[in-house]
Amino acid sequence: MPSQPNEIDQRIWQVVALIPRGKVATYGDVAAQAGLPGAARRVGRALKGLPTDTRIPWHRVVNAAGRISLPGGAGRQRERLEAEGVEFHDSGRINLKRFRHRPSGADHH
DNA sequence: GCGGTGACTCTCG
DNA sequence: CCGAGAGCCACCG
């Protein structure tokens with residue numbers, strides 16, 4: 001099997017698990033929260049290693065442009081997000097100003 | 001050890 | 001707004 005989950009992956013998953021329903025976070029955000037600033041790609045790899053039946057809300061992680069990066073599964077991820085109330089712009093872009101999850105920052109809006 | 005690759009991101013034009 | 005280029009880190013053959 002492909003690389004067993006290490007402590008780093010566990011921490012990344014934990015951060016993702018804390019993203020509230022109806023909100024999203026970028027790969028960079030998750031990396032920073034997990035104590036790995038600049039390791040966005042590491043996050044993508046960690047999510048790829050999640051089991052199919054996981055309860056981790058992996059679909060709440062999108063790229064910095066507010067778009068879905070998941071290859072071949074964009075439709076599935078988008079459906080899940082829309083089911084939670086996350087709205088998509090024209091060609092599948094999310095308004096991060098509105099739906100981005102800020103862990104340590106109070107709403108200023 | 002090297003080069004290719006990817007669920008990334010930023011800068012430039 | 002979009003694409004190209006570069007920086008990035010870890011995995012793989």
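The sequence lines fix the lettering, A, B, ..., with proteins before strands; numbering per chain opens at 1.
The CG atom of A:N63 sits 10.0 Å away from the CZ atom of A:R93 when rounded to the nearest 0.5 Å. Atoms CZ and CD1, on A:R76 and A:I68 in that order, are 10.5 Å from each other to the nearest 0.5 Å. Once rounded to the nearest 0.5 Å, the distance linking CG of A:L70 with NZ of A:K48 reads 9.5 Å. Taken to the nearest 0.5 Å, the CZ atom of A:R100 stands 11.0 Å off from the CD1 atom of A:I19. Summarising the geometry, atom CG belonging to A:N95 is positioned 7.5 Å from atom NE2 belonging to A:H89; distances are rounded to the nearest 0.5 Å. Within the model, atoms CG of A:D9 and CD of A:E7 stand 10.5 Å from one another, a figure rounded to the nearest 0.5 Å.
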Worked verdict on A:V62 versus A:Q77 for side-chain contact (heavy atoms from CB on, under 4.5 Å): CA-CA 10 Å; A:V62 298; A:Q77 181 170 0; 4.0 Å; yes
Under the side-chain contact (heavy atoms from CB on, under 4.5 Å) criterion, do A:R98 and A:E87 qualify, and how do the steps go? CA-CA 9 Å; A:R98 245 178 43 158; A:E87 299 170 14; 2.8 Å; yes
Apply side-chain contact (heavy atoms from CB on, under 4.5 Å) to the pair A:V43 and A:V15, showing each step before the final yes or no. CA-CA 10 Å; A:V43 174; A:V15 171; over 6 Å; no
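Chain A approaches DNA chain B within less than 4.0 angstrom (heavy atoms of the protein), and the contacting nucleotides run 5' to 3' from B:dG6 to B:dC10.
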All N/O contacts under 3.5 Å from nucleotides 4-6 of chain C to the protein, with atom names and distances to one decimal?
none

Can you name the atoms? Protein N/O to nucleotides 7-9 of chain C N/O, anything below 3.5 Å, with the distance.
residue: C:dC8; atom: O2; partner: A:R41; partner atom: NH1; Å: 3.4

Side-chain donor/acceptor pairs under 3.5 Å, residues 51-59 of chain A, sequence neighbours excluded:
residue: A:T54; atom: OG1; partner: A:I56; partner atom: N; Å: 3.0
residue: A:H59; atom: NE2; partner: A:E84; partner atom: OE2; Å: 2.9

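Taking both residues in full, the closest heavy atoms of A:G22 and A:R60 are given as N-NE, 4.3 Å, listed atom of the first, atom of the second, then distance. The shortest non-hydrogen separation linking A:L18 to A:H101 is O-NE2, 3.9 Å. The minimum heavy-atom distance between A:Y27 and A:S69, with the atom names listed, is OH-CB, 3.8 Å. Contact record, A:A31 with A:A40: CB-N, 4.0 Å, taken as the closest heavy-atom pair.
Near DNA chain B, meaning a heavy atom under 4.0 Å away, the residues from residues 51-65 of chain A are A:W58, A:N63, A:A64. Across residues 68-82 of chain A, not one residue has a non-hydrogen atom less than 4.0 Å from an atom of DNA chain C.
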